[in-house]
Number of protein chains: 2
Amino acid sequence: MSNSQATGKMRKRALSERAKQTRERVFDAAETIFATRGFDGATIRDIAAAAGEPVGTIHHHGGGKEALFNTVVARRAETLSQARLEALEATWASKPMDLRSVLSAFIRPLFDLAEEDPRWQNYAKLVAFVSVDDRWTEIAAQHFDPTAHKFMEELQSHLPKLSRQRIAEGFVFTVSAMLALVTSERRISALGGGTSHTASVDHLVAFCAAGFGD
Amino acid sequence: MSNSQATGKMRKRALSERAKQTRERVFDAAETIFATRGFDGATIRDIAAAAGEPVGTIHHHGGGKEALFNTVVARRAETLSQARLEALEATWASKPMDLRSVLSAFIRPLFDLAEEDPRWQNYAKLVAFVSVDDRWTEIAAQHFDPTAHKFMEELQSHLPKLSRQRIAEGFVFTVSAMLALVTSERRISALGGGTSHTASVDHLVAFCAAGFGD
DNA sequence: GTCTATATGTAGATAGAC
DNA sequence: GTCTATCTACATATAGAC
């Protein structure tokens with residue numbers, strides 16, 4: 001604990017470029033494996049193989065399997081929340097300021113990010129695993145509840161007649177449908193034969209907006 | 001393989017009452033544990049403890065972990081599909097024959113069954129785990145696709161203007177929202193403060209019907 | 001069919017050389 | 001920080017007594 005260097009984010013010490021690259025490779029590999037097999041189905045050895053690193057390195061950077069999982073979930077949560085809130089603020093400037101814009105501000109950022117960096121697709125699948133397992137409700141709430149509440153307030157102001165419970169229900173339906181679109185794109189194609197990807201996001205926004213009563 | 005008795009369902013041999021009860025206890029316990037922790041998070045020992053049976057008995061009746069998982073998923077699938085198709089046929093007799101009735105016929109049976117037997121709630125959580133993990137897409141398709149296609153045809157006939165892809169999208173959104181309502185009832189309460197359970201199912205049907213454009 | 005004891009593999013984690 | 005070798009625990013599965 002001696003000789004610690006004060007960095008902007010209060011991290012332990014300054015990491016070399018090489019070390020930082022290794023960290024990122026470890027986290028990216030963990031993200032992929034966790035997203036594919038879930039927490040229990042993933043093994044440190046799988047992650048090590050995917051990262052092209054020895055097993056010990058995964059523990060060194062990850063600090064144990066559960067800590068690694070937490071880190072990987074947390075890593076992109078802040079970026080995603082920021083993007084959503086910025087998109088929400090942008091709607092305040094726009095004229096119509098309708099329900100669709102609010103839902104779009106919540107839904108679109110994830111797909112926009114996924115388009116420019118496919119690792120966001122893995123992240124979304126990981127979040128889907130998190131959302132289905134009671135064991136991770138704590139960390140899900142920690143990372144996503146603040147933004148959820150902001151959007152629910154916004155929805156409430158657009159739909160003053162709806163009870164808080166109905167807003168909450170609709171919001172949960174919306175989130176689950178969004179995750180389903182990410183994780184089941186292949187299944188949708190299999191069922192429907194269609195192909196257009198970006199159009200589906202429009203359809204999702206329209207579906208949920210209509211569901212809320214717009 | 002000798003001395004096999006031909007039963008209605010081509011099962012191996014006639015089982016004693018005692019044995020059948022043990023089987024059911026094993027499957028119920030497996031259902032609960034798999035629904036709580038997923039396939040990889042569950043252990044045969046957990047299941048044995050929950051069933052009040054020794055570890056060997058789980059293997060004897062289950063035939064290995066993966067076979068047991070398959071059996072447990074399959075066990076209630078037929079009942080659920082039957083209930084859904086019967087509910088769908090019942091709507092053909094009714095006058096208005098609207099989109100809501102079709103969606104209701106798909107959604108309601110699960111909640112009706114869960115109300116009279118809480119083990120259906122576990123089953124729904126298990127299906128949620130199945131739906132999120134690519135590893136189980138085969139068995140999900142095997143058990144649920146035939147009914148899914150029937151309902152999609154019915155939806156298509158009510159919404160002739162929509163493309164097959166949009167029907168498929170809306171159906172996936174609907175299924176995910178339905179599973180979210182089962183698995184996130186607590187979360188919805190936490191977010192919204194509300195309580196009424198049966199009302200939520202009405203809200204879900206309304207949400208999806210509106211989403212489809214009704 | 002039921003239960004005990006055990007075989008075998010592989011998981012997460014760590015100690016210590018480099 | 002990186003990597004090898006190893007410790008310990010617990011998983012699935014089975015063999016065989018009852």
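Each chain gets a letter, A, B and so on, in the order the sequences are listed, and its residues count up from 1.
With values rounded to the nearest 0.5 angstrom, B:E31 atom CD is found 11.0 Å from B:I47 atom CD1.
Side-chain proximity of B:P54 to D:dT6, C:dT2, C:dC3: nearest is C:dC3. The side chain of B:H60 lies closest to C:dT2 when the candidates are C:dG12, D:dG1, C:dT2. Nearest to the side chain of A:L15, among D:dC3, D:dG1, D:dA13, sits D:dG1.
Nucleotide D:dG1 holds its P atom 14 Å from the CD atom of A:Q21, rounded to whole Å. C:dT10 atom P lies 15 Å from atom CG of B:D40, rounded to whole Å. When rounded to the nearest whole Å, the span between CD1 of A:I47 and P of C:dA11 equals 11 Å. A straight line from CD1 of B:I58 to P of D:dT14 spans 15 Å, rounded to a whole angstrom. Atom C1' of nucleotide D:dA13 and atom NE2 of B:H61 are separated by 17 Å, given to the nearest angstrom. In this structure, the NE2 atom of A:H59 is 13 Å from the C1' atom of D:dT8, given to the nearest Å. Between the CG atom of A:D46 and the P atom of C:dT10 there is a distance of 12 Å, given to the nearest Å. Whole-Å rounding puts the A:I44 CD1 to D:dT8 C1' distance at 16 Å.
Contact check on B:K65 versus B:D40 returns no salt bridge, with no Lys/Arg side-chain nitrogen under 4.0 Å from an Asp/Glu carboxylate oxygen. Taking the charged nitrogens against the carboxylate oxygens, B:D202 and A:R166 have no contact shorter than 4.0 Å, which rules out a salt bridge. One finds no salt bridge joining A:E153 and A:K150 here, because no Lys/Arg side-chain nitrogen approaches an Asp/Glu carboxylate oxygen to under 4.0 Å.
Listed by residue number, B:G64, B:K65 are the residues of residues 63-71 of chain B with a heavy-atom contact under 4.0 Å to DNA chain D.
Of the side-chain N and O atoms in A:T57, none sit less than 4.0 angstrom from OP1 or OP2 of D:dG1. Between A:R23 and D:dG1 there is no side-chain N or O to OP1 or OP2 distance below 4.0 Å. Phosphate contact (OP1/OP2 of D:dT2, side-chain N/O of A:T22, threshold under 4.0 Å): present.
Below 30°, between 30° and 60°, or above 60°: for A:W136 and A:F69 the angle between ring planes is between 30° and 60°, a tilted geometry.
Along DNA chain C, the nucleotide nearest B:G56 and the nucleotide nearest A:R45 are compared for position; the residue whose nucleotide lies closer to the 5' end is B:G56.
Across all strands shown, B:A42 has heavy atoms under 4.0 Å from sugar-phosphate atoms exclusively, and none from any base. At a threshold of 4.0 angstrom between heavy atoms, the contacts of B:S16 with the nucleic acid are absent.
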Test log, rule side-chain hydrogen bond (donor to acceptor under 3.5 Å, both in side chains), inputs A:R108 and A:S104: CA-CA 5 Å; A:R108 274 218 158 68; A:S104 186; 2.7 Å; yes
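Annotation: side chain of B:H61 is not in contact with side chain of B:E53 (no heavy-atom distance under 4.5 Å).
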